[in-house]
Structures are given as structure tokens and as C-alpha cells.
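Each residue takes its place number in the sequence, starting with 1.
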Amino acid sequence: NGRAIAIGDRWSYLKGLNSDGEGGAIVAYLNVLPGYSYGNLHARRVGSGGSLVWDIRAGEEMNETIYFKQPRLIPDGAAGAIVMWHRYYSGEAMWQWVDAAGALHWGDIGKAVLTGVSGFQTASDERGGAIVAWSIYAQRINREGSEAWAPGGVNVGVGGSVISDGAGGAIIGESSV
């Protein structure tokens with residue numbers, strides 16, 4: 001019972017799982033060679049009956065020939081998702097919007113949003129875009145894939161977890177011990 005999402009000779013690490021809002025799911029995972037922390041990025045949408053609706057492989061459809069880590073999925077509210085990942089060699093954080101039918105909307109390889117950043121957290125902006133928080137900064141990417149806040153992000157004074165405020169903004173917090 002159930003549907004296998006990843007089968008092969010590599011280790012597959014589930015990195016994101018969201019409802020598509022229509023009874024199915026969108027999943028992001030890395031296919032990794034044993035002993036490595038980065039690999040090939042995959043994002044798949046599975047329909048309510050278990051059938052594969054679309055399959056995006058970053059090394060193919062997105063014309064990428066490099067490895068990835070830290071993939072994130074942010075639901076777009078319309079059975080698609082914004083996929084975010086970190087390019088292992090260049091240090092760029094990239095975004096790509098994949099709609100319900102599997103079409104890529106922000107160019108062949110997505111858009112670079114951040115450089116030299118890792119350890120980011122993401123959330124939906126509840127308007128078809130996404131919010132990313134890193135270090136003490138945050139940035140909102142709108143549905144068109146453009147930065148909605150100040151270039152390079154805004155200083156929010158804290159880093160850590162991020163959730164949507166339901167109005168295009170975010171609540172960002174951190175824990176201290």
C-alpha cells in the first residue's frame with residue numbers, strides 16, 4: 001500500500017512535504033551518494049489517487065549541472081509550490097515556482113535570491129509568494145519572483161523560525177538559552 005516516491009541506488013532524503021490542497025502532495029527530496037550531504041534535487045507532485053502529476057529534476061528541467069542542499073517547499077495556495085534550494089558550489093540560494101501542472105515560471109533555472117547564505121528558514125506569504133529568513137535578515141519574494149522588500153532583505157534583528165502573519169508579512173523568532 002502506498003506509493004514509492006524515490007527508488008534507486010542512491011540515498012533519498014525527504015526534505016519537504018506539503019499538501020497540494022487537492023488531496024495530493026508535493027514532495028522535495030535529495031538523491032545523495034552515500035557519505036555526501038548534497039545531491040540532485042527532485043520535486044514531485046502526486047495526485048490524490050497516487051498518480052505522478054509532475055516530476056522536476058533540477059539537473060534536467062532546470063538545466064543545472066551542480067549539486068544542491070537544503071531544499072525547501074513553500075505551497076503557492078493553488079496546487080503548486082515554490083521550491084527553494086542552496087547551490088552547493090556557488091553558495092547561492094535559488095527559487096523556482098512550479099505551478100499545479102508542473103510548469104516552471106521563473107526561468108529555466110529559477111532565480112538567485114541570496115548569495116553566501118545557508119541555514120535559512122522559509123514560509124508562505126499566503127499570497128502565492130514566499131518569505132525566507134536567515135541570520136538577522138528576511139526577504140519576501142512575490143508571485144512574480146521579485147524581491148518585495150528592500151534589496152538584500154530587511155534587518156529583523158533576530159534569526160530563527162519564520163511563519164506567515166497571513167497578510168504578506170512574517171513573524172520571526174529565535175530561542176535563547
Side-chain angles (χ1 to χ4, degrees), residues 2-6 10-32 37-48 50-62 64 66-88 92-114 117-134 138-148 160-166 168 170-172:
R3 172 158 179 70
I5 296 295
R10 295 176 175 231
W11 295 352
S12 295
Y13 294 100
L14 179 66
K15 295 295 188 171
L17 177 64
N18 290 327
S19 168
D20 68 359
E22 296 182 357
I26 300 172
V27 61
Y29 66 94
L30 289 176
N31 257 353
V32 179
S37 63
Y38 54 87
N40 296 315
L41 172 66
H42 295 258
R44 292 180 171 176
R45 179 173 175 222
V46 179
S48 61
S51 62
L52 188 62
V53 178
W54 49 256
D55 179 15
I56 303 296
R57 296 182 185 127
E60 297 171 16
E61 284 86 351
M62 293 184 196
E64 289 280 298
I66 54 181
Y67 290 107
F68 309 94
K69 61 182 185 176
Q70 299 177 323
R72 303 285 193 270
L73 278 179
I74 303 102
D76 71 355
I82 296 170
V83 183
M84 183 179 181
W85 67 94
H86 187 262
R87 285 177 159 172
Y88 183 75
E92 293 174 301
M94 302 290 292
W95 301 86
Q96 179 61 271
W97 173 32
V98 185
D99 69 17
L104 305 178
H105 285 270
W106 296 341
D108 288 341
I109 62 168
K111 293 187 173 193
V113 215
L114 309 168
V117 172
S118 64
F120 44 78
Q121 299 296 319
T122 59
S124 171
D125 70 356
E126 306 296 330
R127 296 180 176 183
I131 297 167
V132 61
W134 71 99
Q139 181 60 268
R140 178 175 168 247
I141 303 300
N142 61 26
R143 186 181 265 310
E144 291 75 36
S146 302
E147 292 179 320
S161 299
V162 58
I163 61 170
S164 173
D165 69 359
I171 300 168
I172 301 169

Give the minimum heavy-atom separation between [X] and [Y], together with the two atoms involved.
{"X": "V53", "Y": "A100", "value": "CG1-O, 3.9 Å"}
{"X": "W85", "Y": "F120", "value": "C-CZ, 4.3 Å"}
{"X": "S164", "Y": "A123", "value": "N-CB, 4.0 Å"}
{"X": "I74", "Y": "G129", "value": "CG2-O, 4.1 Å"}
{"X": "L17", "Y": "L73", "value": "N-CD1, 4.0 Å"}
{"X": "A133", "Y": "I172", "value": "CB-CD1, 4.1 Å"}

Side-chain heavy-atom pair [X], [Y] within 4.5 angstrom cut-off:
{"X": "W54", "Y": "D99", "answer": "no"}
{"X": "I82", "Y": "W106", "answer": "yes"}
{"X": "V83", "Y": "V98", "answer": "yes"}

What's the separation between atom [atom1] in [X] and atom [atom2] in [Y], rounded to the nearest 0.5 Å?
{"X": "I56", "Y": "H42", "atom1": "CD1", "atom2": "NE2", "answer": "11.5 Å"}
{"X": "N142", "Y": "E147", "atom1": "CG", "atom2": "CD", "answer": "9.5 Å"}
{"X": "R143", "Y": "D125", "atom1": "CZ", "atom2": "CG", "answer": "9.0 Å"}
{"X": "Q139", "Y": "I131", "atom1": "CD", "atom2": "CD1", "answer": "9.5 Å"}

Main chain of [Y], side chain of [X]: is a donor-acceptor contact present, judged purely on distance under 3.5 Å?
{"X": "R72", "Y": "Q121", "answer": "no"}
{"X": "Q96", "Y": "K111", "answer": "no"}
{"X": "W97", "Y": "A103", "answer": "no"}

Using a strict cut-off of less than 4.0 Å between a Lys/Arg side-chain nitrogen and an Asp/Glu carboxylate oxygen, indicate whether R45 and E22 qualify as a salt bridge.
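Here R45 pairs with E22 in a salt bridge, since their nearest N and O are under 4.0 Å apart.
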
